[in-house]
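Data block below; observations after.
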Amino acid sequence: MSQEEAKQNLEDIEKPNQVQNNIQQKEGEQQNQDGKQLSPEEELKLKEKKAKKALNAKIYDLQKKLSRGIQVISQTEAKTPEELFSFKEATSNLFVLHFGIGEEADYVTVRDYVNSVAGAHKLTVFPGLGYGYIQFDDVKKAEQTINSLERFEQIENCHYKDLTYEKKIRPSFFLYAKCKLTDICQNKNNDFPEASRKVDAPGLLFQEEFITQDYEKLIMEEIDKKEWNKLAKRKVQHYGYEFLYGINSINKDNKKDPIPDFLNNLMQKISKEVIKGEQPELDQLTINDYYPGDGIAPHFDTHSPFEEKIVIVSLNSGVVMSFKSYKNEEKHLFLPPRSILVLSGEVRYAWFHSIASRKVDKVEGDFNFRRRRVSLTFRTVQFKPCRCAYPFFCEDQGYDPVTMKKNNPLLPRDYHAKDDSTKVVAPKSEEEQKILDEVQQVNTDGKPTNLEQKYVYEVYEKIAPHFSHTRYNPWPKIESFLKGLEPGSLVADIGCGNGKYLDCHNGDIYMIGTDRSENLISLARNRGEDIQVFSADSLKLPWVSSKFDNAISIAVIHHFSTPELRIHAIKEILRILRVGGEALIYVWAFEQTEKSFSEQDVFVPWNLQNKYEDEKVVKGEVKPNTDIQINEAKQSVVYKRYYHVFKKGELEELISRIPNCKINDSYYDHANWAVKIEKISE
Ligand SMILES: O=C(O)CCC(=O)C(=O)O
Ligand SMILES: [Fe+2]
Ligand SMILES: [Zn+2]
């Protein structure tokens, strides 16, 4: 059945009220359209026709769901079912679509069913997406599973069974046999890390079964008798002091309801075993209520409002908490119910912690399905400034983790590091020249080359935290462009870096950022709960066409190594804009006063301070993928970023080659050439 036929069939099906009417007609009272009685033969034909239509509608519906699933998972460009279903060879993998996996019941149902018909297999799910795949060691087992299912003969490759019909729970089970694993799991965003029950991080203490099950039950009951405050993503209760979410601090002048008495036993145990007189007693409590799928964005608790030790007790369900150091070390710890987690020292002051928004976690080879989880976060309110050993994350010592804008003279001198690129750019090395010659000779075809991969993307991933610390002041002209936009505008920040432009507007536009560097994206995400950012390539944005009112592309286009790619990137900006929408584009200028370039394709050094670098790289024991130099005098490791610096008029010339836009303004600002372009037609 072609897509067209399927659509036609779907359209042929009666409208819901007609179906309803037909059901209300009793057996034997079938009438034709003129109201005449039907003969038994005619009746049978009509029934068959209806059954066929209903079946086709169901198939069409399943096909649509399946094609959406495959598109999400594989990020393929295929748009029609024909394109998606065009795999020819059978493999030992099955694609599974069961409308709602992520719930424990779904997972167990599918796993047990496959076990019963074909035995050993590996089932992988993409929680929240409702799709997954099964790997067998043998193509026969995949076929055996397929053959055990009901079959819709009309559609090759599609097989369906309502596994859970009897149990009357939601998901169905739907297999697509002939898919290649590479087609469905290329996108690493679909997979997620495995956690352990024990991790080492400096300052992290963790203990399972800190309280009994009975006590846990009692606390849960008492908590639910109290009133919850609703946040955008979860519910909370606060005791001791008022908590202010906008600035992630507490109102020290507003002492509220004391921590409730039913927590006395727990507080005493913590006092004796954890606090041990090392800081004043805990006097502030935040209770968070999470349902499967809820999470908390990466953050570290603000330094100054609280003393060092932060204590988190988990109730009712396990969850994985992820930790990330400023050196991008990542650890994933499973917090079972009734466990206690204590954060102090480096992990408290300088690591991010987060809970990913999903319904299931992978823990030491098993899935842990989340249930409702309630966490108790105890802190001690601090009445003195923070003098921790981590000034680069300490708002009391000059750094504002929310806005990243403060510039406090108390910081160590090297802290607010300047952009460390040297003033005169050295001639290219042989390797740099070679890679540049290579990419400029091939047809770049809208895909990033080796050069962007090695000298742009990988370098930004590496230098992200350090880079981010040097990028905290929005430039005034860009800020005023954003502040001047129509209220309600949807604005894309393409190549948003640490997100410094995502929160410098008046709050009445809606901004979404993308950047190729996942490390920069995590830093951007840390700016606040309202920040919307995604990792994506500027050559292939994940947005549908013509929906954005505006876009900004600041310091991005100069990182592409060929004119074709630069044009491609600009066309991609125009693609997502609506007709009449305007974009602001900035690129580095060849004409500069601070730097002097002798040519336009340059490799600009970045001195990554040793404190941001792996010790092993600093000592020369490990070499990263990109070529680096160790600069002992400056205590740094030198990475190089590729730029094509633009001569006056060059950006305008590129844009003149794109038919559906016009230039509204162009100017020179902060050693960049800037243009405002408007989309004039689709
Ligand atoms: O719920 C948790 O386990 C963590 C809560 C948290 O990190 C916070 O409220 O700052
Ligand atoms: Fe926290
Ligand atoms: Zn501090």
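Values in this document were obtained by computation on a predicted structure and should not be read as measured data. In what follows, residues are counted from 1 in the order of the sequence shown.
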Original post:
Looking just at side-chain N and O atoms, do Asp301 and His353 make a donor-acceptor pair shorter than 3.5 Å?
Top reply: yes
Original post:
Distance only, no hydrogens: is a donor on one side chain within 3.5 Å (strictly under) of an acceptor on the other, for Gln532 and Arg525?
Top reply: no
Original post:
For Phe603, does its backbone N or O pair with a side-chain atom of Lys640 as donor and acceptor, under 3.5 Å?
Top reply: no
Subject >> Arg566 to Phe560 six-membered ring, cation-pi geometry met (6.0 Å, 45°) >> reply: no
**OP:** Please determine if Lys676 and Glu582 form a salt bridge, counting it only when a charged side-chain N lies under 4.0 Å from a carboxylate O.
**Re:** no
Original post:
Between the side chains of Ser322 and Glu330, does any donor sit under 3.5 Å from an acceptor?
Top reply: no
**OP:** Under the ring pair (Phe, Tyr, Trp, His ring centres under 6.0 Å) rule, collect the residues that match up with His644, sequence neighbours excluded.
**Re:** Phe646
Original post:
Are the side chain of Asn506 and the backbone of Lys483 linked by a donor-acceptor contact shorter than 3.5 Å?
Top reply: yes
**OP:** Evaluate side chain to side chain contact (heavy atoms under 4.5 Å, CB included) for Asp537 paired with Tyr457, printing each intermediate quantity in order.
**Re:** CA-CA 10 Å; Asp537 199 317; Tyr457 173 58; over 6 Å; no
Subject >> Pairwise ring-ring contact (aromatic ring centres under 6.0 Å, His included) hits with a residue in residues 483-537, at least two apart >> reply: Phe534-Trp543
Original post:
Do Glu653 and Arg657 meet the salt-bridge criterion of a basic N to acidic O distance under 4.0 Å?
Top reply: yes
Original post:
Under the ring pair (Phe, Tyr, Trp, His ring centres under 6.0 Å) test, which residues partner His559, sequence neighbours left out?
Top reply: Tyr460, Tyr643
Subject >> Donor on one side chain, acceptor on other, Arg575 and Ser545, under 3.5 Å >> reply: yes
Subject >> Pairing of Asp294 and Arg234 as salt bridge, 4.0 angstrom limit >> reply: no
Subject >> Trp606 and Phe467 aromatic centres sub-6.0 Å >> reply: yes
**OP:** For Glu452 and Thr449, test the side chains for any donor-to-acceptor distance below 3.5 angstrom and give the result as yes or no.
**Re:** yes
Original post:
If you measure only the distance, is there a donor-acceptor pair under 3.5 Å linking the side chains of Glu650 and Trp673?
Top reply: no
**OP:** Could you tell me whether Lys454 and Glu432 have a side-chain N and a carboxylate O separated by less than 4.0 Å?
**Re:** no
